[in-house]
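Following: one structure in C-alpha coordinates, then a few remarks.
Numbering starts at 1 and runs along the sequence shown. Keep in mind the model is a prediction, meaning the values are calculated, not measured.
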Amino acid sequence: MTYRQDGKKGNNSARQNPKNNENNILQYRRAERRKQNILDEIQELRADKLFPSVALDGMPKGSGQADLSDFVVLMSDYIAKLKEERLQKIKIRIEINKKMKDDDEKEVLRMRYLRCMKW
(Lines give C-alpha, C1' and ligand atoms only; values in the text may rest on other atoms or scores of the structure.)
Protein backbone atom coordinates (compact mmCIF):
# COMPACT_ATOMS: atom_id res chain seq x y z
CA MET A 1 0.00 0.00 0.00
CA THR A 2 1.32 3.42 -0.89
CA TYR A 3 0.19 6.95 -0.24
CA ARG A 4 -0.94 9.27 -2.97
CA GLN A 5 -0.04 12.94 -3.10
CA ASP A 6 -3.29 13.86 -1.39
CA GLY A 7 -2.32 11.69 1.61
CA LYS A 8 -4.88 8.96 1.00
CA LYS A 9 -3.98 5.33 0.77
CA GLY A 10 -3.90 4.01 -2.75
CA ASN A 11 -2.52 1.33 -4.97
CA ASN A 12 -0.07 2.53 -7.60
CA SER A 13 -0.15 -0.58 -9.71
CA ALA A 14 -0.34 1.51 -12.87
CA ARG A 15 2.81 3.37 -11.92
CA GLN A 16 4.62 0.27 -10.68
CA ASN A 17 4.58 -1.41 -14.07
CA PRO A 18 5.02 1.25 -16.77
CA LYS A 19 6.23 -1.25 -19.38
CA ASN A 20 2.94 -3.13 -19.17
CA ASN A 21 0.96 0.10 -19.53
CA GLU A 22 3.07 1.16 -22.49
CA ASN A 23 2.49 -2.24 -24.10
CA ASN A 24 -1.28 -1.90 -23.60
CA ILE A 25 -1.28 1.56 -25.13
CA LEU A 26 0.72 0.33 -28.13
CA GLN A 27 -1.70 -2.58 -28.57
CA TYR A 28 -4.61 -0.16 -28.45
CA ARG A 29 -3.05 2.11 -31.08
CA ARG A 30 -2.32 -0.88 -33.34
CA ALA A 31 -5.92 -2.03 -33.00
CA GLU A 32 -7.08 1.49 -33.85
CA ARG A 33 -4.90 1.56 -36.98
CA ARG A 34 -6.12 -1.89 -38.07
CA LYS A 35 -9.71 -0.76 -37.58
CA GLN A 36 -9.09 2.36 -39.66
CA ASN A 37 -7.43 0.30 -42.41
CA ILE A 38 -10.45 -2.01 -42.56
CA LEU A 39 -12.79 0.99 -42.76
CA ASP A 40 -10.70 2.39 -45.61
CA GLU A 41 -10.87 -0.94 -47.45
CA ILE A 42 -14.65 -1.03 -47.03
CA GLN A 43 -14.92 2.51 -48.46
CA GLU A 44 -12.73 1.57 -51.43
CA LEU A 45 -14.77 -1.56 -52.08
CA ARG A 46 -18.01 0.44 -52.01
CA ALA A 47 -16.56 3.09 -54.31
CA ASP A 48 -15.31 0.46 -56.76
CA LYS A 49 -18.71 -1.19 -56.84
CA LEU A 50 -20.71 2.03 -57.11
CA PHE A 51 -18.40 3.79 -59.58
CA PRO A 52 -16.66 1.23 -61.80
CA SER A 53 -13.94 2.58 -64.05
CA VAL A 54 -15.03 3.30 -67.58
CA ALA A 55 -12.72 2.97 -70.58
CA LEU A 56 -13.70 5.35 -73.33
CA ASP A 57 -11.51 3.86 -76.07
CA GLY A 58 -14.41 2.66 -78.26
CA MET A 59 -13.28 -0.97 -78.18
CA PRO A 60 -15.87 -3.63 -77.33
CA LYS A 61 -15.39 -5.26 -73.96
CA GLY A 62 -16.96 -8.15 -72.15
CA SER A 63 -19.39 -7.21 -69.46
CA GLY A 64 -16.98 -8.43 -66.75
CA GLN A 65 -19.48 -7.62 -64.08
CA ALA A 66 -19.89 -10.15 -61.35
CA ASP A 67 -23.15 -10.38 -59.54
CA LEU A 68 -23.68 -8.68 -56.23
CA SER A 69 -23.03 -11.86 -54.27
CA ASP A 70 -19.25 -11.36 -54.63
CA PHE A 71 -19.61 -7.84 -53.29
CA VAL A 72 -21.80 -8.99 -50.40
CA VAL A 73 -19.33 -11.72 -49.44
CA LEU A 74 -16.41 -9.29 -49.43
CA MET A 75 -18.37 -6.73 -47.44
CA SER A 76 -19.43 -9.29 -44.86
CA ASP A 77 -15.79 -10.42 -44.47
CA TYR A 78 -14.63 -6.85 -43.94
CA ILE A 79 -17.46 -6.12 -41.52
CA ALA A 80 -16.60 -9.25 -39.51
CA LYS A 81 -12.96 -8.12 -39.34
CA LEU A 82 -14.08 -4.66 -38.29
CA LYS A 83 -16.22 -6.07 -35.47
CA GLU A 84 -13.30 -8.20 -34.31
CA GLU A 85 -10.95 -5.20 -34.21
CA ARG A 86 -13.47 -3.08 -32.34
CA LEU A 87 -13.92 -5.85 -29.78
CA GLN A 88 -10.14 -6.11 -29.38
CA LYS A 89 -9.94 -2.35 -28.81
CA ILE A 90 -12.62 -2.53 -26.15
CA LYS A 91 -10.85 -5.37 -24.35
CA ILE A 92 -7.56 -3.48 -24.31
CA ARG A 93 -9.30 -0.34 -23.09
CA ILE A 94 -10.99 -2.23 -20.25
CA GLU A 95 -7.65 -3.77 -19.26
CA ILE A 96 -6.01 -0.34 -19.17
CA ASN A 97 -8.86 1.12 -17.08
CA LYS A 98 -8.71 -1.75 -14.57
CA LYS A 99 -5.07 -1.00 -13.83
CA MET A 100 -5.61 2.65 -13.02
CA LYS A 101 -7.09 3.68 -9.72
CA ASP A 102 -6.86 7.47 -9.75
CA ASP A 103 -9.70 9.06 -11.75
CA ASP A 104 -7.68 12.13 -12.74
CA GLU A 105 -4.84 9.99 -13.99
CA LYS A 106 -7.30 7.84 -15.95
CA GLU A 107 -8.80 10.87 -17.64
CA VAL A 108 -5.47 12.45 -18.57
CA LEU A 109 -3.97 9.22 -19.88
CA ARG A 110 -7.12 8.37 -21.81
CA MET A 111 -7.15 11.78 -23.46
CA ARG A 112 -3.41 11.76 -24.21
CA TYR A 113 -2.78 8.20 -25.32
CA LEU A 114 -6.08 6.68 -26.36
CA ARG A 115 -7.53 9.74 -28.08
CA CYS A 116 -4.08 11.04 -29.14
CA MET A 117 -4.84 14.54 -27.91
CA LYS A 118 -2.04 17.08 -27.43
CA TRP A 119 -1.90 20.12 -25.23
Side-chain angles (χ1 to χ4, degrees):
M1 190 69 60
T2 58
Y3 288 92
R4 297 187 315 208
Q5 288 179 349
D6 58 4
K8 296 179 182 177
K9 290 183 182 179
N11 187 355
N12 288 342
S13 63
R15 291 185 186 142
Q16 290 173 357
N17 196 351
K19 285 287 187 188
N20 196 14
N21 290 340
E22 184 177 323
N23 188 28
N24 287 340
I25 291 169
L26 290 175
Q27 286 177 349
Y28 182 85
R29 286 186 176 174
R30 280 188 216 116
E32 177 66 29
R33 279 193 302 267
R34 286 191 304 263
K35 182 194 78 141
Q36 190 58 46
N37 288 340
I38 292 169
L39 284 172
D40 292 343
E41 289 176 16
I42 288 172
Q43 290 298 333
E44 287 177 20
L45 183 63
R46 284 182 181 158
D48 289 346
K49 192 62 178 176
L50 291 175
F51 307 108
S53 62
V54 178
L56 299 175
D57 59 3
M59 299 297 292
K61 306 266 190 284
S63 65
Q65 291 192 355
D67 59 352
L68 286 177
S69 63
D70 294 338
F71 174 73
V72 171
V73 168
L74 283 173
M75 284 298 290
S76 65
D77 287 345
Y78 281 129
I79 290 172
K81 286 180 186 178
L82 183 62
K83 286 179 182 179
E84 185 178 316
E85 287 302 325
R86 285 182 175 165
L87 181 63
Q88 184 67 24
K89 258 182 55 176
I90 291 169
K91 287 179 182 178
I92 293 169
R93 220 174 164 161
I94 289 170
E95 187 177 326
I96 290 171
N97 281 335
K98 282 182 184 178
K99 292 180 181 179
M100 301 212 192
K101 303 296 180 194
D102 186 18
D103 289 335
D104 294 332
E105 184 181 21
K106 270 186 195 180
E107 183 66 24
V108 169
L109 291 176
R110 189 186 68 198
M111 289 170 60
R112 172 65 182 106
Y113 294 107
L114 302 183
R115 292 187 181 172
C116 300
M117 295 175 78
K118 296 178 182 175
W119 56 86

(request) Output the distance between atom CG (Leu74) and atom CD1 (Ile79), rounded to the nearest 0.5 Å. (result) 11.0 Å
(request) Any chance you could lay out the side-chain contact (heavy atoms from CB on, under 4.5 Å) test for Gln27 and Asn23, step after step, and finish with the verdict? (result) CA-CA 6 Å; Gln27 286 177 349; Asn23 188 28; 3.9 Å; yes
(message) Are Lys91 and Glu95 packed together at the side-chain level, in the sense that at least one heavy-atom pair is separated by less than 4.5 angstrom?
(response) no
(request) Considering non-hydrogen atoms only, spot the tightest contact between Asn24 and Ile92 and give its length. (result) O-CG2, 3.3 Å
(message) Quick check on Glu107: does its CD atom have over 12 non-hydrogen neighbours (other residues, nucleotides or ligands) under 6.0 Å away?
(response) yes
(request) Take Glu41 and Asn37, measure what side-chain hydrogen bond (donor to acceptor under 3.5 Å, both in side chains) needs, and give me the verdict at the end. (result) CA-CA 6 Å; Glu41 289 176 16; Asn37 288 340; over 6 Å; no
(request) Measure the shortest side-chain to side-chain distance between Arg30 and Arg33 over non-hydrogen atoms and say whether it is less than 4.5 angstrom. (result) yes
(request) Spell out, yes or no, whether Tyr28 and Leu26 are grouped together once hydrophobic residues are joined by side-chain heavy atoms under 4.5 Å, including indirect joins. (result) no
(message) Restricting to non-hydrogen atoms, name the atom on Ile38 and the atom on Tyr78 that form the minimum distance, rounded to 0.1 Å.
(response) CG2-O, 3.4 Å
(message) Before you tell me yes or no, could you show the steps for Arg86 and Lys83 under side-chain contact (heavy atoms from CB on, under 4.5 Å), namely the whole-Å CA-CA distance, both residues' side-chain angles and the distance that decides it to 0.1 Å?
(response) CA-CA 5 Å; Arg86 285 182 175 165; Lys83 286 179 182 179; 5.8 Å; no
(message) Under 4.5 Å side-chain heavy-atom separation, chaining through any Ile, Leu, Val, Met, Phe, Trp or Tyr, what else clusters with Ile90? Say none if it is isolated.
(response) Ile94
(message) As an exercise, state the distance from CG of Leu82 to CD of Gln36, rounded to the nearest 0.5 Å.
(response) 9.5 Å
(request) Only counting residues at least two apart or in another chain, list the ones meeting salt bridge (charged side-chain N to carboxylate O under 4.0 Å, His left out) with Glu32. (result) Lys35, Lys89
